[in-house]
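One structure is given below, encoded as structure tokens.
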2 protein chains.
Amino acid sequence: MKTKNPQKESRSTGTVTMLDVAEYAGVSAQTVSRVVSNSSLVTDKTRRRVEEAIQALRYIPNEAARSLASASSRVVAVIIPTLSSTAFAAEVKSVIDTLEPHKISVIIGNTEYSQEREEAIVQSLLERRPMGVILTGLQHSAKVRSLLQESGVAVIETWDTDGEPIDMAVGFSNFTAGYDVGKLLCGRGAKQIAFVGGASTQDSRAQSRYLGLCKAVKEAKLPAVLRVELQLPMNASDGVRGLDEVLRDAPMTDAIFFSADTMALAAILECNRRGIKVPEQLAICGFGDYELAAMITPSLTTVRTKPDEMGATAAQMLLARINEVEDAATKIVLTHQLVRRGSA
Amino acid sequence: MKTKNPQKESRSTGTVTMLDVAEYAGVSAQTVSRVVSNSSLVTDKTRRRVEEAIQALRYIPNEAARSLASASSRVVAVIIPTLSSTAFAAEVKSVIDTLEPHKISVIIGNTEYSQEREEAIVQSLLERRPMGVILTGLQHSAKVRSLLQESGVAVIETWDTDGEPIDMAVGFSNFTAGYDVGKLLCGRGAKQIAFVGGASTQDSRAQSRYLGLCKAVKEAKLPAVLRVELQLPMNASDGVRGLDEVLRDAPMTDAIFFSADTMALAAILECNRRGIKVPEQLAICGFGDYELAAMITPSLTTVRTKPDEMGATAAQMLLARINEVEDAATKIVLTHQLVRRGSA
DNA sequence: TTGTACGCGTTATCAG
DNA sequence: CTGATAACGCGTACAA
């Protein structure tokens, strides 16, 4: 015989449930469910009664129960190298803001540029059965790929379009961006160009920019690019470090492409301090178009990407997939823009 | 009679469940549960067998089901004004990194400095039955307070300790920080001081700093502080805007306290451009000690807070509460530090 | 150490 | 338009 005692031998957590609301309003639990999920099949009158009951009892739906019963989670995971980068933070913010009206929460994973951490994070996040996973870049371990593909979640890779996505992708061509910078630097007469960025194996996007740069340099028949690898994640002081390494290893260098604006800005400030004339003696180009890039003297030549547009687009692609939109795009290439200012 | 057909008239989602693993391994579902949750009451031999089954079937536990059954969610919510601020981003990152080893996910809410948005976010987040909620500041609407208190979640308020927390708090005294800046500026001979920050009603932490500044100014018997209110969220260009407003409304101003370093940095760059000598003609003080603060010329005098330590501490306080640690602290005041550099 | 029975709070399904 | 019933996948409690 089934237990019909609501309060007796139950494990009740003591919180207000749909059943409580239903009793109070004199309807069935199912009707409460319909009201909560905004189903149209409810009379205005009953709806009002139920809403009053909800207010009176301060009922708060239980998302875990809804998830379990409906097999759908209202959660999206965003996995980025680090939230310390303003670019990634801006992307994430945009994803959150786009998804919030849909009552979809965003869970963040920081990989610290480590593939092992990415694996661990993906594995653990999948337990939440997210509606989608937004990754950074197109380079992931075989395990991450298979984990994601077998789970069947929607996957969106961001920040890069030079390659084949697991599922969907939105970003820009880092290779082309690097090539553009190369053309600019060569065009303005640079003879010896250096690139400062993270380890090639860890940041494949920066690596693509480097390769694009190399292509332009080769076309201009200039000597090979000096590549300075710094440990990720990089910060402003790495800009000074990078500058030092370049000037030590190749004193004749007359142009540096930094893989992030923070470093480029720090390098400009350091050059100003040391009396190195930018861009006359040393041209400097950054990446990201941070806020201060336009304000510093000399102002920083850089590449503008659109982290927030990327985040919003990624979120919308996810929504389209969830809503089973027919002609939804599967790969979106955003434009980047070479912003020429005073430093190069 | 109960339905015993596992695959027939079930709503089966087609995914691998504990029961599948149990059958495969020839044990009961409960034993699988024990293995997954690392219970010690399992023979090494059975454990291995179960683990093989898990591998073979690629079983991924369902967090929603676990949450529902155990009435506990492994989720913590962090609500901040905006992820665009590097300080908040750093705090959040720290929370995530501290909680990740415990398999607790972090959900972020952006209020954009709006109390209504905060209400909506809290309301909707509570459906996930988070283990804790981390808020920014001590000022919240009555609805947010009651919502939180009635739900019984652990609440941690950050970034401010000048007031009474709902539950727990970790931060520093913005008032004292402002006072310290005031003492410094007065001490170095400023006669007319200005403060540039967000609307007093929206950013009560900046408001506290302003009040602290005023106290020091009053003690020094100087004329009242000019307060320039900018629209939140503020960015670097607001630094120039603030500078302009100050010089227009009170041209005799010889010291400005900006409520964030980004603005202060932009103001210094602008002064350099205009030939305004910092600090001789105009002393400038920031808040936050951003990376570039030490690198700019003149280097920026500012207040160093510790967003990452704050995030980590908040997370640890939450863990302590969850683990029912007896003597757990309920209010932690971190030190801030006035970093005197070249600009003031 | 392992297994059995049942409930967690909601939605899907179908009958009325 | 509303209600009854049976899952959803797992942990708790207790028995063996």
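Proteins get letters first, then strands, A, B, ... in listed order; numbering begins at 1 in each.
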Handout entry: Contact under 4.0 Å: B/S33 side-chain N or O vs D/dC10 OP1/OP2
Key = no
Exercise for the section: Provide, to the nearest angstrom, the distance between the CZ atom belonging to A/R49 and the P atom belonging to D/dT2. Expected result: 9 Å
Practice task
With sequence neighbours excluded, tell me which residues meet salt bridge (charged side-chain N to carboxylate O under 4.0 Å, His left out) with A/R58.
Solution key: B/E150
Handout entry: Residue pair B/N110 / B/I80, side-chain heavy-atom distance below 4.5 Å
Key = yes
Handout entry: Donor + acceptor pair across side chains of B/S105, A/R128 (<3.5 Å)
Key = yes
Exercise for the section: To the nearest Å, give me how far apart CG (A/D20) and C1' (C/dG9) are. Expected result: 10 Å
Problem - Non-hydrogen side-chain atoms of B/S73 and B/M131 separated by less than 4.5 Å - result: yes
Problem - base_contact_polar (D/dG3 base, A/R34 side chain, donor-acceptor, <3.5 Å) - result: yes
Problem - Interatomic distance where CG belongs to B/L68 and P belongs to C/dG7 [whole Å] - result: 13 Å
Practice task
Specify the separation, in whole Å, of atom CE of A/M18 and atom C1' of D/dT2.
Solution key: 15 Å
Fill in the blank from the handout: What residues 53-66 of chain B contributes to the DNA chain D interface at heavy-atom separation below 4.0 Å is B/Y59, B/P61, B/N62, B/A65, B/R66
Handout entry: Least distance between heavy atoms, B/V21 atom then B/V16 atom
Key = CG2-CG1, 4.2 Å
Practice task
Identify which one of A/V78, A/L148, A/T111 satisfies the side-chain contact (heavy atoms from CB on, under 4.5 Å) criterion when paired with A/L135.
Solution key: A/L148
Handout entry: B/T17 side-chain N/O to D/dG9 phosphate OP1/OP2 under 4.0 Å
Key = no
Exercise for the section: Determine the contact category for B/V36: base if any of its heavy atoms lies under 4.0 Å from a base atom, sugar-phosphate if only primed atoms, P, OP1 or OP2 are that close, otherwise nothing. Expected result: nothing
Exercise for the section: Check the distance between D/dC14's P and B/Q30's CD and give it to me in whole angstrom. Expected result: 14 Å
Exercise for the section: From the options D/dG9, C/dT11, D/dT2, select the nucleotide whose nearest atom is closest to the side chain of A/A69. Expected result: C/dT11
Practice task
Select base, sugar-phosphate, or nothing to describe what B/T46 touches, counting heavy atoms under 4.0 Å on all strands.
Solution key: sugar-phosphate
Handout entry: B/S141 versus B/E119, side-chain donor and acceptor atoms under 3.5 Å
Key = yes
Handout entry: Value in whole Å for how far the P atom of D/dC10 lies from CG of B/L19
Key = 9 Å
Problem - A/S70 vs D/dC8: side-chain N/O to OP1/OP2 distance below 4.0 Å - result: no
Exercise for the section: Look at A/T15 and C/dG9 and indicate whether a side-chain polar atom (N or O) is within less than 4.0 Å of OP1 or OP2. Expected result: yes
Practice task
Please state whether the phosphate of C/dT2, meaning OP1 or OP2, lies under 4.0 angstrom from any side-chain nitrogen or oxygen of B/S28.
Solution key: no
Donor-acceptor pairs under 3.5 angstrom involving side-chain atoms of residues 318-325 of chain B: please list them, not counting sequence neighbours.
| from | atom 1 | to | atom 2 | distance (Å) |
| --- | --- | --- | --- | --- |
| B/R321 | NH1 | B/D167 | OD2 | 3.1 |
| B/R321 | NH2 | B/D167 | OD1 | 3.0 |
| B/N323 | ND2 | B/L319 | O | 3.1 |

Fill in the blank from the handout: Closest of C/dT2, D/dT12, C/dT13 to the B/T43 side chain is C/dT2
Problem - Integer-rounded Å distance: C/dT11 P and A/N38 CG - result: 12 Å
Problem - Under 4.0 angstrom between B/S67 side-chain N/O and D/dC10 OP1 or OP2 - result: no
